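In each ligand, atom 1 is the first atom listed, and ligand 1 is the first ligand listed. What you see is a predicted model, and the numbers here were worked out from it, not measured in a lab. All residue numbers in this chain count up from 1 along the given sequence.
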Amino acid sequence: MQAVNLDSSCKRLERIEIMFRYQHCHSVVVVSLILSVLVGSCNTLTPQVSSKVLIRGAALIITMDSQVGTGELGVIEHADILLDRDKIAKVGKNLQASSAHVVDATGKIVMPGFVDGHNHLWQSLIRGCGADKNLIGWLDTCVFPLFNPDIALTETEAYAGVRLSTLDLINTGVTTTVDWSHAFTPQFVRGNIRALGDSGLRFVFAYLGTADPASIADIKLVKQTLIDPNPRAAFQVASHPSESLQADLTAMSNLAKELGVKLHVHLLENIAQREDKVFSVLRDANALGSDLLGAHGIHLTDQEINTLAEHDVRILHNPLSNMRLASEVIRLPELKQAGVQVGLGIDGGTNDASDMFNDMRAALGLQRAISLQPGIFHRVADVLRMAPVDGAKLLDMFDRIGSLTPGKKADLIIINPGKVNFAPSFEWANQIVFNGQPVNVEWVFIDGKALKRKGELVGVNAETVMEAAHKAASRIRHDLLH
Ligand SMILES: [Zn+2]
């Protein structure tokens, strides 16, 4: 109850300040300053900047840590979580913290935030584009023309699209995203990263580069000046494995090693890419290894799956995108059998229903549909672990995120099962996968700060963001179609 009261008092004070500014704009300077101080001190009591937050009385906590809770999902019933600044301090029953801001989680489910391992955030601007195309047709229609400098996205447009996608991600409970950026121009990159930074998301920026020395210089500059100073940001280098781009791939593979970051490529997404001699060019670029991330990994032979396993190459599975682009179904049971790590991704504009619940259902459903086996890998619990746990592990971030383990970052979501799409209570862990929707995600915490609170996005005017994205999308649509 304390939380509710504090929140509503803060809203009252903010409203008073706005009224004074509006009605007495010629003589309000002193009054306005006083009220601003009050609003400021009030904000210290909200989850955004509070040093401690006590999430009290959750009906179910899925910690994803079998040392903290029971079973493979690390479950605890009727328990609390204490957040101290950006970290999880304690998980258990009847926790006390007199100075903490209290969030009442009675009847709710708490779990780690989702890790979206492969995305292209600018592509909210091309939602709905190339609806009847496969990957190649979609790229030719909706993406590749934008490399033409005459119609390339501006910094403002990049910001607009990426910012919209960040809201979509927070809304669905994603707390970490990997943004494989097409990096059309250096200006685009600036707008892209600024939007990611403003979002409050934990993010990895994957910069698509070439062997051109100017490209390499900008990648280094961006990492040093825009990524490294941000504690929520990390960096990857992006490229594409095909014979015609061997020089670029080799340059990016070398650069990734020099910078100590991962190389992120699209790997055999469409059957036509088998002609690209993908594995021989990856070998020639000395790219095979645990720092190689392959998005999709669909059209793989048995031998190639073994090669991935042998080198600990990691795969990002994007099932909704694969369905949309008629790309085929990933060989998930075989990858699992070989020991290849696989995480989940949203994959940008080819995923017109970009929510993680849909993604989990599609990942599960595709394997069942093609095998006629409801017990085939992965099971419901496996797919529920896939986004938070497997995603964090394959990014080598599991020491910080992916489970509700004390000491880790306070990146978590509170799910409200009391909605018409989710109730009643039968087997909640299963219902998250089969029934969950973004509307059930009531709170999203990243670094202990609430970015979604009681079902509402915090600190941003979504209407303004959508308006800017609409303006950018209208321009792009016009230039793509004419
Ligand atoms: Zn992709």
Side-chain angles (χ1 to χ4, degrees), residues 114-131 133-144 146-147 153 158 161-162 165-166 168-169 174 176-184 188-189 192 196 203-209 236-242 245 248-249 252 262-273 276 278 282 287 292-300 313-330 342-356 358-359 362-363 366 386-387 391 394-395:
F114 298 121
V115 175
D116 162 30
H118 180 78
N119 208 331
H120 311 277
L121 269 65
W122 70 268
Q123 291 180 355
S124 61
L125 299 179
I126 52 169
R127 285 172 173 166
C129 184
K133 311 279 188 193
N134 70 2
L135 171 69
I136 311 299
W138 177 81
L139 286 169
D140 286 343
T141 306
C142 310
V143 178
F144 289 159
L146 297 171
F147 280 99
L153 281 83
V162 173
S165 288
T166 62
D168 200 19
L169 291 175
V174 168
T176 296
T177 185
V178 180
D179 186 6
W180 195 103
S181 175
H182 286 80
F184 295 102
F188 174 95
V189 168
N192 190 337
L196 283 165
F203 68 92
V204 182
F205 183 78
Y207 193 138
L208 173 62
Q236 291 174 358
V237 171
S239 189
H240 188 71
S242 83
L245 298 171
D248 290 336
L249 179 72
M252 289 303 100
K262 293 189 182 301
L263 175 67
H264 193 149
V265 303
H266 288 87
L267 186 71
L268 291 165
E269 177 179 2
N270 184 282
I271 186 75
Q273 292 168 330
D276 293 341
V278 169
L282 285 170
L292 178 63
L293 297 177
H296 305 290
I298 297 173
H299 299 281
L300 295 162
V313 177
R314 291 102 192 257
I315 297 294
L316 280 321
H317 178 32
N318 308 275
L320 287 168
S321 167
N322 301 159
M323 290 160 65
R324 208 262 213 186
L325 295 177
S327 293
E328 244 279 30
V329 177
I330 190 173
V342 183
L344 268 183
I346 298 269
D347 200 22
T350 55
N351 186 335
D352 294 321
S354 55
D355 81 69
M356 267 296 175
N358 259 331
D359 222 30
L366 283 173
M386 204 169 177
L394 65 77
L395 293 173

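- Of the N and O atoms on the side chains of H120 and D179, not one donor lies less than 3.5 Å from an acceptor on the other residue.
- The Zn ion (ligand 1) lies under 2.8 Å from an N, O or S atom belonging to H120.
- Side-chain atoms of D248 and H240 form no donor-acceptor pair, as typed in the model, at a separation below 3.5 Å.
- Closest to the Zn ion (ligand 1) among the N, O or S atoms of D347 is OD1.
- Side-chain atoms of W180 come within 3.5 Å of backbone atoms of H264 as a donor-acceptor pair (strictly under, hydrogens ignored).
- The atom of H266 nearest to the Zn ion (ligand 1) is NE2, with the search restricted to N, O or S atoms.
- P319 has its side chain within reach of D359: a pair of non-hydrogen atoms, C-beta onward, lies under 4.5 Å apart.
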